[in-house]
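For reference, the structure discussed in these notes is given below.
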Amino acid sequence: MRTDLVPYADIAEYLKREDTVLIPVGATEQYGPHLATGTELRLCELMAQQVAEITGFAVVPIMPFNYSCMFLDYPGTLTVKMETVEAYLGEMCHGLAEQGFKHFFFVNIHAGSLGPIESICRSLRKEWGAVGGLIDVFSIMRDVAGVTYTTDKAPTGHASEMVTSAALHVCPEYVFMDRVQAPPPLRSFVDGVKTVSSGKVSFGKSSFQVFSDISDYTPLGMQGDASAANAEQGKVIWETSRAYIAEAAKKFSGMVLKPEAA
């Protein structure tokens, strides 16, 4: 049930039998030369809405902006401070808790909101006894799709084959395949250290954090080659991920963190 498409009486009836709400948290940011800046936003929104249809859970409108300062070199990226993400999203969630929602399942698609969401979940528990959880759409796609990608250059990275294929399946109007370019190897900042993403480098047997912008190591604003992306592959990625997220949401809705004393 999309809460923005029904009268409040329907939501009141829902709360008599269920207290779970899905909260999609998106981002509007550059996504390489071939994907619209709203791609991540649309993927997250559609995933949350479809999971709500499968499970019968309530879903609120998506939060459209995020902490995306690592992409500001590219026009069209929208970014706010992390504390703004936490304040805006947190105030909304506390209002929902006051209405009777007790299980807050964040359908997240951008790493910049991980810290703020954890803080919100802990404050909801402290003030309302609510349960907060988060599932990351791209992490699920990487883990459960079972797809063999054509490219060996960061196939699941920013704007690469995985995301482009998913977009071709569910929102092809956001994809401009005639503009796909194969990116050069990701630039390393020093010999012996390999750049992985905006914030992570690998060194020897492990890795550490370096808070770079994406333009520091890949001028096209993408981490892998998307030229082999296709809608058929995207369908597999999307449907397996959606099924997993729906089942995870059902499990989450029954969670009790601290049983009441007998």
**OP:** Determine whether I214 and M70 make a side-chain contact, defined as any pair of heavy atoms from C-beta on separated by less than 4.5 Å.
**Re:** no
**OP:** Measure the acute angle between the ring planes of Y217 and F189, then classify it against the limits of 30° and 60° as parallel, tilted or perpendicular.
**Re:** perpendicular
Subject >> Verify same cluster id: V59, I54 (apolar side-chain graph, 4.5 Å) >> reply: no
**OP:** Using side chain to side chain donor-acceptor pair (under 3.5 Å) as the criterion, list what pairs up with S188, not counting sequence neighbours.
**Re:** none
Subject >> Verdict with supporting geometry, F101 and L15, side-chain contact (heavy atoms from CB on, under 4.5 Å) >> reply: CA-CA 7 Å; F101 289 98; L15 283 165; 3.7 Å; yes
**OP:** Assess whether atom OH of Y74 is packed by more than 12 heavy atoms of other residues, nucleotides or ligands within 6.0 Å.
**Re:** yes
Original post:
M255: what forms a side chain to side chain contact (heavy atoms under 4.5 Å, CB included) with it, not counting sequence neighbours?
Top reply: F252
Subject >> Partners meeting side chain to side chain donor-acceptor pair (under 3.5 Å) with E118 (sequence neighbours left out) >> reply: R122
**OP:** Return yes if a side-chain donor-acceptor contact under 3.5 Å exists between T37 and Q30, otherwise no.
**Re:** no
Original post:
How does the hydrophobic cluster around L5 look, that is, which other residues are in it when side-chain heavy atoms under 4.5 Å mark a link?
Top reply: none
Subject >> Check against side-chain hydrogen bond (donor to acceptor under 3.5 Å, both in side chains), S119 and E86 >> reply: CA-CA 8 Å; S119 181; E86 183 173 345; 2.5 Å; yes
**OP:** Consider only side-chain N and O atoms of S227 and D225, and report whether a donor and an acceptor are under 3.5 Å apart.
**Re:** yes
Subject >> Results of side chain to side chain donor-acceptor pair (under 3.5 Å) for S241 - residues two or more places apart only >> reply: none
**OP:** Give the intermediate values and the outcome of side-chain contact (heavy atoms from CB on, under 4.5 Å) for residues V80 and Y67.
**Re:** CA-CA 5 Å; V80 296; Y67 177 70; 5.7 Å; no
Subject >> Within-4.5 Å side-chain heavy-atom neighbours: I140 and I135 >> reply: yes
**OP:** Decide yes or no on side-chain contact (heavy atoms from CB on, under 4.5 Å) for V51 and V107, but give the supporting numbers first.
**Re:** CA-CA 10 Å; V51 168; V107 181; 6.0 Å; no
Subject >> Option from L22, V60, D10 for which side chain to side chain contact (heavy atoms under 4.5 Å, CB included) with T3 holds >> reply: V60
**OP:** If a pair satisfies ring-ring contact (aromatic ring centres under 6.0 Å, His included) and one of its residues is in residues 17-65, list it, with sequence neighbours excluded.
**Re:** Y31-H158, F65-Y88
**OP:** With the side chain counted from C-beta on, respond yes when M92 and I23 share a heavy-atom pair under 4.5 Å apart, and no when they do not.
**Re:** yes
Original post:
Does any pair with a residue in residues 37-52 pass salt bridge (Lys or Arg N to Asp or Glu O under 4.0 Å), and if so which ones, sequence neighbours excluded?
Top reply: R42-E45
Subject >> Remaining members of the apolar cluster that contains L41, side-chain heavy atoms under 4.5 Å >> reply: I62
Original post:
What is the minimum heavy-atom distance between A167 and T39, and which atoms define it?
Top reply: CB-CG2, 4.1 Å
**OP:** Mind listing the closest non-hydrogen atom pair of G224 and M222 along with its distance?
**Re:** O-CE, 2.9 Å
Without placing hydrogens or testing angles, list every side-chain donor-acceptor pair under 3.5 Å for residues 170-179, not counting sequence neighbours.
none

Subject >> E98-W128 side chain donor-acceptor pair, cut-off 3.5 Å >> reply: no
Original post:
For T28, which residues count as a side chain to side chain donor-acceptor pair (under 3.5 Å) partner, sequence neighbours excluded?
Top reply: none
Original post:
Can you list the steps and then say if S165 with N230 is a side-chain hydrogen bond (donor to acceptor under 3.5 Å, both in side chains)?
Top reply: CA-CA 5 Å; S165 292; N230 60 86; 4.8 Å; no
Subject >> ring-ring contact (aromatic ring centres under 6.0 Å, His included) contacts in which one or both residues fall within residues 130-149, not counting sequence neighbours >> reply: none
Original post:
Are L124 and K102 close enough, and set up right, to give a side-chain contact (heavy atoms from CB on, under 4.5 Å), and what steps lead you there?
Top reply: CA-CA 9 Å; L124 288 167; K102 295 296 184 184; over 6 Å; no
**OP:** Keeping to residues at least two apart or across chains, list the salt bridge (Lys or Arg N to Asp or Glu O under 4.0 Å) pairs with something in residues 242-256.
**Re:** E247-K250
Subject >> Closest non-hydrogen atom pair, A159 against A226 >> reply: O-CB, 3.6 Å
**OP:** Without swapping roles, check the side chain of E18 against the backbone of T20 for a donor-acceptor pair under 3.5 Å.
**Re:** yes
Original post:
Which atom pair, heavy atoms only, marks the closest approach of V196 to L186?
Top reply: O-CD1, 4.1 Å
Subject >> Heavy-atom closest contact (S212 atom, S197 atom, distance) >> reply: OG-O, 4.1 Å
**OP:** Please report the shortest heavy-atom distance between K153 and S160, naming the atom on each side.
**Re:** O-OG, 3.8 Å
Subject >> pair M1-V6: side-chain heavy atoms closer than 4.5 Å >> reply: yes
